[in-house]
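Just so we're on the same page: letters track the sequence lines, and every chain starts at 1.
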Amino acid sequence: MNDTGSVPPENDPLAFRYSGVLAQTIEAQWQDRWDTEGTFNTPNPAGPLANSAAVAGRPKKFILDMFPYPSGAGLHMGHPLGFTATDMYARYQRMTGHNVLYTMGFDAFGLPAEQYAVQTGQHPAITTNQNIANIRVQLRRLGLSHDHRRSISTTDPEYYKWTQWIFLQIFNSWFDPERKKARPIDQLIAEFEAGTRAPKSGEWASLSAADRRRELDQWRLAYVSDAPVNWCPGLGTVVANEEVTADGRSDRGNFPVFKRQMRQWMMRITTYADRLIDDLDALDWTDAIKAMQRNWIGRSEGATVHFDVPALRDRITVFTTRADTLFGATFMVLAPEHPMVDRITTPFHADAVANYRKAAEAKDTFARQDDGREKTGVFTGGYAINPLTGTEIPVWIADYVLMGYGTGAIMAVPCGDQRDFEFARKFRLDIVAIQDPTDDRGTDTHTWADAFVGDAPYINSANESLTLNGVASVAEGVHITNQWLVAHGHGNATITYKLRDWLFSRQRYWGEPFPIVYDADGNPHALPSAVLPVLLPETDQFSPRTFDPDDAMSNPESPLDRLGDWVELQLDLGDGVQTYRRDTNVMPQWAGSCWYELRYLDPTNADAFVDPANEQYWMGPQGEGHPGGTDLYVGGVEHAVLHLLYSRFWHKVLFDLGHVSSFEPFHKLFNQGYILAAAYQDERGMYVEASQVEARDGGYFYEGQPVRREYGKMGKSLKNALDPIDLCIEYGADTLRLYLMSMGPLDASRPWESKDVIGVHRFLQRLWRNIVDEETGALRLLPEPASVDTQRIVHRTIAGVREELEALRFNTAISRLIELNNHLTKLGGCPADTADTLVKMVAPLAPHIAEELWARLGHTATVTYEPFPVADAALLVADEVEYPVQVNGKVRSRITVAADADNDTVQALALADEKVQAALGGGAPKKIIVIPGRMVNIVA
RNA sequence: GCCCGAGUGGCGGAAUGGCAGACGCGACGGACUCAAAAUCCGUUGUCCGAAAGGGCAUGUGGGUUCGAGUCCCACCUCGGGCACCA
């Protein structure tokens with residue numbers, strides 16, 4: 001570079017070479033044009049965005065990304081990965097005649113914006129809007145074909161108005177256990193009044209107004225509960241079960257979490273447990289994600305069994321999946337918190353029990369769930385009767401039994417359960433073998449090292465009316481015993497779940513306020529939907545009160561509590577004007593993401609969250625047994641439980657209440673992998689900036705010091721993040737898109753290799769050069785028509801690319817286009833009659849260069865809605881086929897045969913081949929296999 | 001411990017039970033250039049061989065099959081999820 005500056009483009013002999021600079025120019029022009037023309041605006045059947053003529057006769061596709069949280073750092077590389085995949089798919093679907101709904105919104109409530117606001121004193125709405133504006137610019141640069149009119153932010157009052165409205169729908173509903181669906185609370189009142197359903201708290205007619213209110217609150221799907229919740233002093237808020245990690249800390253911030261009794265909003269998601277499991281069968285999701293959901297819901301089918309406690313004239317009920325082991329139940333264990341502990345404990349054991357309970361209470365959930373911990377427990381002095389053997393068995397308490405699961409009490413079968421076995425060994429309790437183990441350990445349990453688990457013939461398992469002896473399968477044993485228990489009044493078939501109700505309130509500022517007020521008696525009242533949205537009040541005090549993270553006895557204090565003017569209000573809810581207090585909690589961040597896909601369908605509808613006609617068109621069931629929902633949903637596995645479970649639940653409630661026609665929100669789910677990248681640690685184990693590391697002499701160095709390389713998820717914490725926009729500047733968005741998709745299959749995690757990016761860039765450069773002269777910018781197509789050979793390659797590519805794109809295999813689709821382009825390069829350019837086809841195939845993948853080439857080829861309209869090429873079947877079959885000929889499974893020769901030759905001809909030609917003869921060594925073949933069109937295998 | 005998923009060249013990866021390694025990176029050789037970069041052309045699993053050709057190759061060991069990267073059984077390694085769930 002000298003004083004005269006850089007060489008002006010007009011003097012550059014290759015001014016029209018497809019470089020990063022040219023790519024950027026082209027991309028900016030087309031992004032402008034797409035915006036100006038509203039190229040990707042998608043018509044609805046009804047409402048403000050309706051254009052019934054444009055909708056008519058076209059199949060639809062609703063293609064959805066998990067919407068991003070608009071962080072101040074902008075997009076990271078993981079975003080374009082999923083977004084590019086959906087964009088390519090959306091563009092392909094448009095070219096195959098589909099009406100495609102594809103847009104992007106923002107999940108913008110939540111902690112980071114609030115914490116940033118606390119630090120800067122700036123209102124979170126301001127920073128959130130800035131971040132959203134910034135991300136919109138970034139998204140635009142990637143060339144994503146979004147319908148911008150449909151974009152939403154969960155923080156927009158016009159959006160969260162409907163989040164609050166849906167909350168009221170849930171609040172005003174109850175779950176009918178007979179019909180297994182949500183129904184309006186009015187219908188419950190009608191049933192109570194008609195006497196067709198009994199209230200839990202007595203005769204409806206004799207209940208006071210206040211009692212009636214409390215009765216109804218016990219049925220509502222959203223309810224205020226004084227229940228054990230996860231209190232996180234470090235965050236200053238309570239969190240849901242799903243937000244607590246296995247080691248008892250908060251998902252966000254990693255603070256300790258404590259169980260506390262508190263009054264909080266809950267959602268009765270447990271009533272939907274069965275449907276949330278069963279309907280997984282109707283979904284096109286991977287088995288891994290389905291397994292995670294099933295696992296979390298944790299349905300366990302078994303039996304409740306009653307054990308009489310003669311001293312109390314009461315009984316202990318336990319849950320078991322292995323009723324068949326009852327003959328081996330030699331003691332019982334209650335959770336320390338079990339309500340019967342006080343009564344069953346004898347005076348002699350009272351002190352020991354009290355001490356043990358105190359100690360257990362002091363331990364947090366984390367410590368109690370630490371697997372492999374030494375078993376502890378104390379005897380209560382009480383006894384219960386084993387209903388099968390009639391014998392008295394001791395009742396203990398121990399903290400390995402959890403109050404939150406089953407009934408909080410177990411029957412202990414030490415011979416068949418490892419935990420019970422350890423407990424029995426430690427406290428010298430009886431261990432009776434009830435199966436003859438299939439290994440050679442024998443039936444003397446004194447010699448056993450552990451419990452025996454598995455199928456084996458039962459022994460010692462009989463009373464006057466029941467015998468399992470001789471039965472060899474656990475399933476059968478369970479079945480027989482369950483029948484006996486029911487017949488003799490000792491138990492029932494029962495299902496339990498691990499899933500708990502969803503804790504739905506947070507003591508924070510930056511979230512949706514509840515559309516709920518409380519009367520003087522503290523009863524919750526729904527606000528009428530006409531007053532929605534309940535706006536988040538202005539304040540400059542955004543922070544909840546946080547506490548010493550370890551201070552379990554602290555109490556939550558919401559920022560909204562401090563806004564006295566806002567909290568108190570005068571209102572007439574039908575009983576005359578009264579003073580009410582607003583609910584000062586806000587909804588969890590998951591609320592806004594529970595239904596955003598529905599708002600995309602009808603984003604400007606002021607009368608309803610979505611017009612039923614639009615919902616039915618975009619998300620309605622596609623035939624018998626089809627659950628409806630989005631045609632494709634792409635996002636990370638990290639939402640496998642939380643978001644996907646919550647939004648399925650909300651969707652089902654809306655379905656039950658008749659607001660949507662689909663019973664699942666996301667029909668096909670695809671989880672993209674992570675982008676990994678090399679990360680480097682210095683000798684202290686600190687991560688160093690990966691971009692500053694140099695590789696030499698077979699090692700890696702940072703500022704001259706050796707560093708250690710590993711691979712990890714690309715991100716700030718490993719200091720190995722790359723900004724996608726930087727790649728757009730260097731090579732162009734089309735190159736970035738192709739690179740992201742060519743790295744490997746979409747669902748696999750793969751390491752980023754910057755040096756590989758050049759490969760797809762070269763492809764685009766060659767593609768360009770096959771059509772455009774690099775010096776003049778003029779077209780340089782080959783005048784003569786494509787040869788039959790070339791046509792065959794083109795049509796095979798068409799068939800291949802179609803197949804790969806349908807199946808979201810973008811990596812192999814790109815490979816096929818590279819192969820075709822390499823062929824054209826060898827020809828010296830693209831034949832004039834082939835250029836349109838080539839450009840159309842590239843269009844979904846690299847849309848900017850495709851639009852530019854399409855325009856240069858003389859077309860005035862966008863390539864977006866051009867029909868995708870269709871392969872000519874006649875050109876997919878060759879005249880002649882080359883058969884590999886194997887002898888004993890090894891390829892020894894190749895023969896070329898007419899494509900329509902019959903098997904006998906192929907066989908004869910194969911045997912006549914010299915090399916085959918040589919390989920046979922004169923021996924007669926035993927068997928000859930001819931796979932038509934494929935190969936020949938001769939068994940010698 | 002249990003439940004998923006995956007192991008293929010120097011690297012990322014490709015292969016309806018039918019020619020293993022498509023496509024890309026890198027490397028090597030050549031062209032262009034005063035030179036370099038960029039670009040273009042060619043070679044590239046590995047071993048033996050001058051070549052022709054041949055042997056060996058999809059984590060390990062068995063099996064099914066005319067034929068296995070692909071299906072079955074056992075094991076090893078890595079990644080992810082769950083975990084005192086009765």
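At the heavy-atom level, A/Ser300 lies under 4.0 Å from the strands shown only through sugar-phosphate atoms. As judged by a 4.0 angstrom heavy-atom cut-off over every strand, A/Arg500 is placed among residues making no nucleic acid contact. Contacts of A/Lys713 with the nucleic acid, taken as non-hydrogen atoms under 4.0 Å apart, are absent. When heavy atoms are screened at a 4.0 angstrom cut-off, A/Ile410 is found touching base atoms of the nucleic acid. Here A/Glu753 lies out of heavy-atom contact (under 4.0 Å) with every strand. Within the 4.0 angstrom heavy-atom criterion, only backbone atoms of the sugar-phosphate kind lie near A/Asn822; the bases stay farther away.
Distance A/Trp296 CH2 to B/G80 P: 18 Å, rounded to the nearest Å. Spacing between atom CE of A/Met741 and atom C1' of B/A14 amounts to 17 Å, rounded to whole angstrom units. The distance from atom CZ of A/Arg750 to atom C1' of B/C25 is 16 Å, rounded to the nearest whole Å. Distance A/Arg294 CZ to B/C2 C1': 16 Å, rounded to the nearest Å. One interatomic measurement links the two molecules: OH of A/Tyr711 to P of B/C11, which rounds to 11 Å at whole-angstrom precision. We find that CD1 of A/Ile818 is positioned 13 Å from C1' of B/G12, with the value rounded to whole Å. The interatomic distance linking A/Phe16 (CZ) with B/A38 (C1') rounds to 19 Å, in whole Å. One interatomic measurement links the two molecules: CZ of A/Arg299 to P of B/A86, which rounds to 14 Å at whole-angstrom precision.
Interface remark: the A/Lys755 side chain does not form any donor-acceptor pair with the B/C11 base, using a distance-only criterion of under 3.5 Å.
Checked by atom type, the side-chain pair A/Asp274/A/Tyr497 shows a donor-acceptor distance below 3.5 Å. Side-chain contact, A/Tyr674 with A/Glu638: a donor N or O sits under 3.5 Å from an acceptor N or O. With 3.5 Å as the limit, one finds no donor-acceptor pair spanning the side chains of A/Glu882 and A/Thr896. Side-chain atoms of A/Ser893 and A/Asp913 include a donor-acceptor pair closer than 3.5 Å. The closest side-chain donor-acceptor pair between A/Arg709 and A/Tyr680, if any, does not fall under 3.5 angstrom. Side-chain polar atoms of A/Thr270 and A/Asp501 form a donor-acceptor pair below 3.5 angstrom. A donor-acceptor contact under 3.5 angstrom links the side chains of A/Asp420 and A/Tyr400, judged on distance only. With hydrogens and angles left out, the side-chain atoms of A/Glu242 and A/Tyr646 include a donor and acceptor closer than 3.5 Å.
Toward the 5' end of RNA chain B, the nearer of the two residues A/Asn888 and A/Gly408, judged by each one's closest nucleotide, is A/Asn888. Taking for each of A/Ala288 and A/Ile814 the nucleotide of RNA chain B with the nearest heavy atom, the 5'-most of the two is the partner of A/Ala288.
Comparing B/A14, B/C56, B/C66 by their closest approach to the side chain of A/Asn811 singles out B/A14. With B/C66, B/A86, B/A38 as the candidates, the nucleotide lying closest to the side chain of A/Arg17 is B/A38. Side-chain proximity of A/Lys927 to the nucleotides B/C66, B/A86, B/A22 is greatest for B/C66. Each of B/C56, B/A86, B/G13 was ranked by its minimum atom distance to the side chain of A/Arg419; first place goes to B/A86. The nucleotide whose nearest atom lies closest to any side-chain atom of A/Tyr405 is, among B/C85, B/C82, B/C25, B/C85. Which of B/G13, B/A86, B/A22 sits closest to the side chain of A/Ser815 comes down to B/A22.
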Inset, instruction - Fill in the dot-bracket string of RNA chain B, one character per base: . for unpaired, | for a pair to another strand, ( ) or [ ] for pairs within the strand, taking Watson-Crick or G-U pairs under 3.5 Å. - result: (((((((..(((.....[....)))((((((.......))))))((((....))))..(((((..]....))))))))))))....
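Comparing the C1' positions of B/A83 and B/C4 gives a spacing of 15 Å, expressed to the nearest Å. Nucleotides B/G69 and B/G7 are separated by 14 Å at their P atoms, to the nearest Å. Annotation: B/U8 and B/U60 have their C1' atoms spaced 15 Å apart (nearest Å). For B/A22 and B/U58, the C1' atoms lie 15 Å apart once the distance is rounded to whole Å. Separation of the P atoms belonging to B/G12 and B/G59 is 14 Å when rounded to the nearest angstrom. Between B/A6 and B/G13, the two C1' atoms lie 14 Å apart (nearest whole Å). The gap from the C1' atom of B/G61 to that of B/A52 amounts to 37 Å, rounded to the nearest Å. Comparing B/A20 with B/G45, their P atoms are spaced 14 Å from each other, to the whole Å.
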Heteroatom pairs (N/O) under 3.5 angstrom, protein to nucleotides 40-43 of chain B:
unit_1	atom_1	unit_2	atom_2	d
B/C40	OP1	A/Arg766	NE	2.7
B/C40	OP1	A/Arg769	NH2	2.6
B/C40	OP2	A/Arg766	NH2	3.4

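The aromatic rings of A/His761 and A/Tyr18 sit tilted, their planes meeting at an angle between 30° and 60°.
Scanning both residues, A/Leu876 and A/Ala871, for their nearest heavy atoms gives CD1-CB, 4.1 Å.
By the 4.5 Å heavy-atom criterion applied to side chains, A/Met332 and A/Phe307 are counted as neighbours.
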Inset, instruction - Begin from the C-alpha positions of A/Arg780 and A/Arg769 and carry the test side chain to side chain contact (heavy atoms under 4.5 Å, CB included) through to its verdict. - result: CA-CA 8 Å; A/Arg780 53 162 297 248; A/Arg769 184 157 50 221; 3.8 Å; yes
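Because its glycosidic torsion is within 90° of 0, B/G9 is reported here as syn.
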Inset, instruction - Spell out protein contact along nucleotides 15-21 of chain B as letters: B when the base is contacted, S when just the sugar-phosphate is, - when no protein heavy atom is under 4.0 Å; keep the 5' to 3' order. - result: -B-BB--
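Salt bridge present: A/Asp281 and A/Arg294 bring a charged side-chain N and a carboxylate O closer than 4.0 Å.
Test A/Asp284, A/Ile289, A/Thr286, A/Leu808 against A/Phe670 for side chain to side chain contact (heavy atoms under 4.5 Å, CB included) and you get one pass: A/Leu808.
Judged by the 6.0 Å and 45° rule, A/Lys498 forms no cation-pi pair with A/Tyr405.
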